[in-house]
Trainee: 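Quick one: the structure is below, and I'll ask about it shortly.
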2 protein chains.
Amino acid sequence: MNEGIKNKELLLAHMSSAFSLTDKEIEELIALFTERKIKRRGFVLHQGDVCRHFTFVVSGCLKMYAIDPAGKEYNLEFAAENEWVSDLFSFYSEKPTGIYIEAIEPSVILQITRQNLIYLYSNYPKFNSTFRIIIERKYIELQNRVLQNISATAEERYENFLDQFPALASRLPNTQIASYLGITSEFLSKIRKDLAQRR
Amino acid sequence: MNEGIKNKELLLAHMSSAFSLTDKEIEELIALFTERKIKRRGFVLHQGDVCRHFTFVVSGCLKMYAIDPAGKEYNLEFAAENEWVSDLFSFYSEKPTGIYIEAIEPSVILQITRQNLIYLYSNYPKFNSTFRIIIERKYIELQNRVLQNISATAEERYENFLDQFPALASRLPNTQIASYLGITSEFLSKIRKDLAQRR
DNA sequence: CTGAACCCTTAAGATATCTTAAGGGTATTT
DNA sequence: AAATACCCTTAAGATATCTTAAGGGTTCAG
């Protein structure tokens, strides 16, 4: 088996964890997703472009972020193995995006275009549920994050991040985590010191 | 035409704005949604219960919020006419919810149970897309909110709220808006004063 | 109609978080 | 292997936001 097919097996395993797939559905999935390798610091999506793909991460890690007029980055989302990422607004509206998706580590991704996704939706109704569930899960996660943002201190949000994403926490530089939490990296450093001293 | 049917027309108009519906689909929608009237301060969902319905607001306004151990409320979402609200986590997992949905104004809502929604999904595949799109739109909105929360000052977030939800802004008490923005109502008061003086 | 509950504002002092600056460590690129 | 870019930490002073307290206006329920 070549490596391309092997990478797609992770996608198939992921998709069939919610619904079992027929042979025909599997065949279509394999045909419609395109594999790409992204170097560290390579862009999957760049501000000003239209987001033309829904992306599944096979290996590595991506970050999705916005940049403010002063040039500061704000991390909206990390996507590591088995996770989906896309700027849904640009993807469906076909308007230029305001955000970036960039590889933090060398990564392998699988992508489907909007047209092919719509083709899947109309010809294999099951995929409507599959992608509805994918979005619903991401929605629940985002809602928890909003609740944290409006109710918890920076220290609480950091501890929650460690609990919720232990693997990411050990993989990512603290600067990236601080940007995700909405604090400066200097302040995260102080939080870490305080936590360490208290234990 | 009786009032119950009239209320459901708003739902039908809403649903068919994305996809046109067949007579049969319309008939099912009308049959599967139940109408309820909620008094001001009445609960649509209470912490500890399982969220058994997906709710569409016909008139009035609901708020969805969490309460922390100290008793403070944090508004996750407002839902006025033509909007959907539900605790998706509890709705799909059938686990007890940690949150509240409460009427801020006397409201009329239409609700569908999880079982009936699943029935709709399996028998009328179109509704998979409809609800997928509903969630996608809410996802995009939440993502913008997270970006605001991690990148903007309280004053910027307030001005953005006024821009994005002018109707809500004039309808809701400032205490509720402050809770949504993640600030105290005293601080919102100061922000409003500063903005007024600057203009 | 009236008391109770809620809402808005103001202000003073406390706390959380940011900014700037600097130094040393580590990883990446040349 | 050197040079560069990145990363982490510390600390001092600045700013944003919270807490508490108080007073007056408005709405709601009895």
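Here the structure is a predicted model, which is why all the values come from computation and not from measurement. First the proteins, then the strands, lettered A, B, ... as listed; each starts at 1.
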Trainee: Indicate whether the side chain of B:Gln176 and that of B:Tyr65 have a donor and an acceptor atom separated by less than 3.5 Å.
Mentor: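 Side-chain D/A pair, B:Gln176 to B:Tyr65: absent.
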Trainee: Give the ring-plane orientation class for A:Phe131 versus A:Phe127, where under 30° counts as parallel, over 60° as perpendicular and anything between as tilted.
Mentor: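 If you compare the ring of A:Phe131 with that of A:Phe127, the planes turn out tilted.
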Trainee: For A:Tyr121, give me all partners under side-chain hydrogen bond (donor to acceptor under 3.5 Å, both in side chains), at least two apart in sequence or on another chain.
Mentor: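 Not a single residue meets the side-chain hydrogen bond (donor to acceptor under 3.5 Å, both in side chains) criterion with A:Tyr121.
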Trainee: Can you list everything that forms a ring pair (Phe, Tyr, Trp, His ring centres under 6.0 Å) with A:Tyr74? Sequence neighbours excluded, please.
Mentor: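 For A:Tyr74, no residue satisfies ring pair (Phe, Tyr, Trp, His ring centres under 6.0 Å) once neighbours in sequence are set aside.
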Trainee: Show every salt bridge (Lys or Arg N to Asp or Glu O under 4.0 Å) that has at least one partner inside residues 81-91 of chain A, sequence neighbours left out.
Mentor: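 Passing the test, one end in residues 81-91 of chain A: A:Glu81-A:Arg171.
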Trainee: List the residues meeting ring pair (Phe, Tyr, Trp, His ring centres under 6.0 Å) with A:Phe165, not counting sequence neighbours, and say none if there are none.
Mentor: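 Residues passing ring pair (Phe, Tyr, Trp, His ring centres under 6.0 Å) with A:Phe165: A:Phe161.
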Trainee: Rounded to the Å, how far apart are A:Lys190 NZ and C:dT20 P?
Mentor: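 Taking NZ of A:Lys190 and P of C:dT20, I get 19 Å after rounding.
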Trainee: Rounding to an integer number of Å, can you tell me how far B:Leu172 CG sits from C:dC7 P?
Mentor: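 About 11 Å, once rounded to whole Å.
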Trainee: Atom pairs, N/O to N/O, protein against nucleotides 11-16 of chain C, distance under 3.5 Å?
Mentor:
| unit_1 | atom_1 | unit_2 | atom_2 | d |
| --- | --- | --- | --- | --- |
| C:dA11 | OP2 | B:Lys193 | NZ | 3.2 |

Trainee: Let me know the distance between CD1 of B:Ile191 and P of D:dT17, rounded to the nearest Å.
Mentor: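 Interatomic distance, CD1 of B:Ile191 to P of D:dT17: 6 Å.
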Trainee: Would you mind listing the cluster partners of B:Ile118? Hydrophobic ones only (ILVMFWY), side-chain contacts under 4.5 Å, chaining allowed.
Mentor: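 Members besides B:Ile118: none; it forms no cluster.
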Trainee: In chain order, what residues pass the side-chain hydrogen bond (donor to acceptor under 3.5 Å, both in side chains) check against A:Arg40, with sequence neighbours excluded?
Mentor: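 Applying side-chain hydrogen bond (donor to acceptor under 3.5 Å, both in side chains) to A:Arg40 gives none.
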Trainee: Can you work out whether B:Glu155 or B:Arg41 has the more 5'-proximal nearest nucleotide on DNA chain D?
Mentor: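 In this pair, the answer is B:Glu155.
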Trainee: With the threshold set at under 4.0 Å for non-hydrogen atoms, list the residues of residues 173-185 of chain B touching DNA chain C in residue-number order.
Mentor: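 Heavy-atom cutoff 4.0 Å gives B:Pro173, B:Asn174, B:Thr175.
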Trainee: Send over the distance from B:Tyr158 OH to D:dT17 C1', rounded to a whole Å.
Mentor: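 So the OH-C1' distance, B:Tyr158 to D:dT17, works out to 17 Å.
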Trainee: Can you list the residues that meet the side chain to side chain contact (heavy atoms under 4.5 Å, CB included) rule with B:Arg41, with sequence neighbours excluded?
Mentor: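 B:Arg41 satisfies side chain to side chain contact (heavy atoms under 4.5 Å, CB included) with B:Glu102 once adjacent residues are dropped.
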Trainee: Can you list every side chain to side chain donor-acceptor pair (under 3.5 Å) pair that touches residues 49-61 of chain B, not counting sequence neighbours?
Mentor: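 Of all non-adjacent pairs touching residues 49-61 of chain B, those that pass side chain to side chain donor-acceptor pair (under 3.5 Å) are B:Thr55-B:Gln111.
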Trainee: Could you state the CD1-P distance from B:Ile104 to C:dC7, rounded to the nearest angstrom?
Mentor: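 Rounded to the whole Å, the gap is 10 Å.
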Trainee: Can you name the residues that form a side-chain hydrogen bond (donor to acceptor under 3.5 Å, both in side chains) with A:Ser93, not counting sequence neighbours?
Mentor: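 For A:Ser93, no residue satisfies side-chain hydrogen bond (donor to acceptor under 3.5 Å, both in side chains) once neighbours in sequence are set aside.
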Trainee: Identify, residue by residue, the members of residues 58-80 of chain B with a heavy atom below 4.0 Å from DNA chain D, and return them in order of residue number, or none.
Mentor: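 Heavy-atom contacts with DNA chain D come from B:Lys72.
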Trainee: Is the phosphate of D:dC8, meaning OP1 or OP2, less than 4.0 Å from a side-chain N or O of A:Arg192?
Mentor: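 Answer is no, no contact under 4.0 Å.
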